[in-house]
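To start, the structure itself, in C-alpha cells.
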Amino acid sequence: MTEERLHIDWGNDKLHRTQKQVEKNPYDLESWSILLREAQNKHISEVRSLYEHLIDIFPSASRYWRIYIEHEMKYRNFEKVEKLFQRCLMKILNIELWKLYLGYVKETKASLPTYKEKMAQAYDFALDKIGMDIHSYSIWNEYVNFLKGVEAVGSYAENQKISAVRKVYQRGINNPMTGMETFWKDYIAFEQAINPIIAEKMSIERSRDYMNARRVAKELEVQIRGINRNAPSVPPNGSPEERKQVELWQKYIAWEKSNPLRTEDTALLTKRVVFALEQCLLCLGHHPDIWYQAAQFLEYSCKILAEKGDVNASKLFSEEAANMFERATSSLLNKNMLLYFAYADYEEGRLKYEKVHQIYQKYLEIQDIDPTLAYIQYMKFARRAEGIKSARAVFKRAREDNRSKYHIFVCAALMEYYCSKDKNIAFRIFELGLKKFGDIPEYITCYIDYLSHLNEDNNTRVLFERVLSSGSLEPEKSVDIWNRFLEFECNIGDLQSIVKVEKRRSEVLSKIKEFEGKETAQLVDRYRFLDLYPCTATELKSIGYTEVINITGAGKNHILQSIINSDGDAPLPIPDYSQMIPYKPKSNPLPGEHPVPGGSFPHPPVAAHLCTLLPPPACFRGPFVNVDLLMDIFNRIQLPDSVPQPTENGCDVKLFDLAKSVHWIVEEGGTVGIKRKKRLGLAMDGSDDEDMPLPPSNDIYRQRQQKRVK
Amino acid sequence: MTKSWISRWKLVKSYKPIFFTSHKGPCYTAVFSHDGKYAATGSADTSVKLLDVEMMVAKRETKETANPCRHTLKEHKQPVTTVAFDFSDTKLVTGSQDGTIKFFDLSKLGRARQRSVCTISDSHVIHSIDYHPSSQYLLVGTSNPVVRLYDVATQTCFASANELEYHSASVNHVAFSCDGKVYASASSDGSIKLWDGVSSRCVATFSEAHGQSSVDCVRISRNFKYLLSCGRDNIIRLWDLAMGQVLIAYEGGSHAKYGLKASFSHNERFVLGANDGSNTAVAWDTRTGEMEQGLVQPSIPGHAAPIREIATSPNVSGFLTATEDKTARYWHYS
C-alpha cells in the first residue's frame, strides 16, 4: 500500500513531508487534513490509493468516506460509488453519510423504470437504520413528500398511498428528533385534508406519544451538546479534549440507558441505546470500554427479554452481543486482549466452547504480539471447561510457540499443583522451564517460591546451589537469587549457614560497582523482615542502602521506594499568606477602613460576609458614643493586678458594680452604693422562700420576678 | 573558529517574519504558552488574539488559507496591556488599563472559549501579570506601587507585609522565577526589587538600576541565577542575582520613547532588544554582550513603528514582536 502511494506526485516538498509524517504516525489528523485538501484537487485515479489507505486506518470515520465518495461522484464513477456505499453504509450509521446516499439514489436512479420501488426501498432502509438520529427529520420529511408525490390511479391505489404516508407519519412522530414540531403539524394537516373527523380522533390519540417524544427530543438535544460526532476515531491519547468527549459520550449513553422515552418495549429501548453506542463507537472506536459496554448492555437486555419470556428476541440480542465482540476484535481493536478475553468468557457463558477455541486461535495467530497472557487465559479456560487434559494440550502448544515467555511454565505448574494436586508433575514442569529460562531470575524466584512453600528444604537448597553455580546468571541478575537464598537461610538455617551464604553473596556483590565498600548495607539485608528495617530511613540512606536496593530488588518495597523518592524533587515553594497582609486595592479608601498605601486592609472573610448581611450604614441612627467621655472613663478605670476570682454565683458582684458605675457615673456620682445595698437587701428578703435557690445578686430578671411574687 | 563563524552566519540569515496579526490599534504585548503551541497578543484596540503557532508556520510553508488567529477575545473596555498563560496552558489571563484581569478557559470549546470565565477588578491600571509555577497564584503589577499577589481560586489579594519595602512609583513589570522561590518587580521609580516567593518579603533592591530612568522589564533566566532588565536609558542589563550586581550591559538599542520588554532567545543564547531608530529588532550575544549584526534581518520590511514587547517561544527559535504599528509579527528561524 505504501509503495503505491508514493507515486502520488504532490508537486510540493512540504506535502511529501506531510505524507511521510502520516506514514510515521497514521493517526496524525492534521497532516491528513492537509493531504486531503490537496487530494481533492487531483484526479480521482491518482489519489484513490490514498483514500483507500485512509479508510483503512479510519474505517469508521464518516467524514473521510464522504469525501472519498463525493470525489468519486464528481468523476461519475457510479459503479465505484455503489461499491463504496455497500462497504460503508451498514457499518457507519452517520446521518450525513446516509443523506449522501439517499441523494445519490435519487439522482442516479431517476431514469430507471423501477425508480419508485428502489427509492422507497432506500428510504425504508435508511429510516430503519438511521431514523433514530436526532437530525433525521429531513429524511422523514423527504420520504413523506416522496410518497405523496407518487401518482396513484384509482381509489385502491389512492388508499394504499394514504395508508403508506400515514404509516410513515405515525412512525415519525414517535421518534425524538429536532424539527418534529413541523412534522407533527404536517401530519395533522395531512389528516385534515383527508377527513377532518378522523383527523381529530387521530390527533387526540397520537398527541400523547408525540408530546413524550418531543420532550425526549429536547432532552436529547441537551445531552448531545458538545459531542463532536464527526471526529475520526484515534487511539486514546489522554488529552483533555479527548477526556471531555469521552465524558460527554458516557453521559449521553447513560441517559439513553435510563429509558428517557419511558417505554415498556425493551426491544425499542435496547435499539436506542445500541444506536447511541454505535454512534459513540464511530468516534471512540479505539476505546475498548465502549465496545465492552455495548456488548454488556446487549447481554443485559437479552436477560431481561428472557425473563419476560420473549425467547426469540432474547436470542437475537444474545447473538448481537457476540457480534459486537466479533466486530470489535476484527476491526480497530484486533490486538486488544481485554476484548478477546471478554468475548471468550461471554461465549463460554453461553457454553459455546468451540467458539471460544476459535477466539483464542484467532488471537494467537496474530504474528507480532506477545501471546503469553493469552496462552495463560486459554489454559485456564481449557482447565475449567474441559478439564486438565485439555489444558495440558494448550500448554504443549504454548511451550512450542517460541514467542511465549516463562509465565506459562509457572502458570501450568501451579495449575497442576493446585488443581490436580500433583506435586511431581508441577515439579517436572518447573524443571522443564528451568532448561529454557534458566537465565531469568523472576522465573527462578517463582520456582524457589514453589519449592520453599512445599517445605522441601533440601530440594530448595539444591536448587539454589544449582542455579547459582551453573553460571547461567550474570552477577547483576543473580543478586535477586542471592537475596532469596539469604532470606531462606535466615528463616530456616542456623547462624553458620547464614554467615556462609552471606559471605558468598558478598563475593558476588563485590563484583558490582554499586556495592563497593558497603558491607553494612549487606548486613541490613540479613535482618530486614517484610517492611521492617533495623535502622531508620535516614540511617539507611547514610549507610548507602538506598542506592543498592535498586539492584537487590528490595526497591520494589513501597516504603523504601518512598524513602528514595523523598529526596527527589522538592515541592514548589508556595506563598505563605500568614506572612503577608491581606490587601484590597482601592484608590481612595472609605473613612473607617484601615488604610494601607494604595488600598485598605480588608475584613477577614467571615466578617466581610457578616458585613454584607448587615443593613447599610445609613440605617444607623444612634445611639452614638461620645468617644471623648468614653476614653475619659477608660482612663479612670483602675484595673486590678490579678484576675478576680469568680464567686460561687458564677459572676462577680464587684465586676457588675464596676460596669454599673461606668454606666452611671456620667449622670450622678454616688447613687450606686445605695442602689447596691437596696439590691442586696432585696435578695436577702427573698430568702424566705427557702426552696428557691438564692438568685445571683446581679440577676435583675429574677430579682424582679421575686419582687412580683411578693 | 571557522566552524563557529559558519554557524553564526547561518543564524544571521535565519530569522524571518512569517506572520503578522492585524490589530486595530498599537499592539502592546505578546506571550507564548508554556508548551509553545499557542501565542497571545494584546492590543490598544482592547482585543486579545489567540494564535496557533504551528498554523503560522504552516501558513508560510504550504500557503494554507486557514487563519492562524484562532480567536479574538474582546472583553476588555480599555487597551490590553498584558497577557499570560497558566502552566497547564489551559487558562489565558489578560490584564487591561480598565483595571480588570480576565480569565479565559482554553479547555472549553467553541464560543465558550471566547467568554471570560471570571474577572478580578483592581483599582488601578494593570501593567503586568505573571503566574506562579503552580498556577494557583497570580502576581500583578499595576500603576500602584504595591505588588499584588492574587489567589486564583478565591480571588483574594495579598501584599508584602512591610510597607517600607514597597516601590515608590508604579510597577511596570513583574516576573516569577520558574522555581517559584523568588519574584522580581520593575518600577518607574528606577528600582528593581527581588521578593521572596514564600513570604513576599523584599530580599534585594537594585535602586537606580538604569540610572534615573524607569525600568520597564525584568525577566529571570531559566536557571534563576540571572535577571535581565530593560530601562528607558536605552540599555539592557544582565544582573547576577547572587551577587546583586550588573554583569553585562547590552548597549546599542534604543527604546526610550515607549519602553521595551526585551527578552532572552529560546535557548538564552541571545538577548533580543529593539532599535527604535530603524524600527528593527536587534540581538546581542548573551555571554559577550556583542551585538549580533543582522541576526534579525533589517532589510526585510519589518515594522513601521517601535517595538513594545518581544516574546520568545519556549521551545523553538521563534519570537513575536508587539509593535506600535498595530501588528504583532512572528519571526521564525527557517
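The structure displayed is predicted, hence computed values, not measured ones. Quick note on labels: first sequence line is chain A, next is B, and so on, each numbered from 1.
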Quiz item: Where does the angle between the aromatic ring planes of Phe158(B) and Tyr577(A) fall among parallel (under 30°), tilted (30 to 60°) and perpendicular (over 60°)?
Solution: parallel

Practice problem: Give every residue pair that meets the ring pair (Phe, Tyr, Trp, His ring centres under 6.0 Å) criterion with at least one member in residues 79-104 of chain B, sequence neighbours excluded. | Solution: His34(B)-Phe87(B)

Exercise. Mind telling me whether Tyr27(A) and Phe58(A) have parallel, tilted or perpendicular rings, with 30° and 60° as the class edges?
Key: perpendicular

Quiz item: Residues of residues 131-145 of chain B under 4.5 Å from chain A (heavy atom pairs)?
Solution: His132(B), Pro133(B), Ser134(B), Tyr137(B), Asn144(B)

Quiz item: chain A heavy atoms under 4.5 Å from Ser160(B): which part of the residue, side chain, backbone, both or neither?
Solution: backbone

Quiz item: Below 4.5 Å, heavy atoms only, C-beta onward: do Ser199(B) and Asp576(A) meet side chain to side chain?
Solution: no

Quiz item: Between Asp122(B) and Arg148(B), is there a side-chain N and carboxylate O pair less than 4.0 Å apart?
Solution: yes

Exercise. Select one option (side chain, backbone, both, neither) describing which atoms of Asn162(B) are under 4.5 Å from chain A's heavy atoms.
Key: neither

Exercise. Considering only NZ, NE, NH1 and NH2 on the basic side and carboxylate oxygens on the acidic side, decide whether Asp133(A) and Arg229(A) come within less than 4.0 Å.
Key: yes

Quiz item: Side-chain donor-acceptor pair under 3.5 Å between Ser188(B) and Ser170(B), yes or no?
Solution: yes

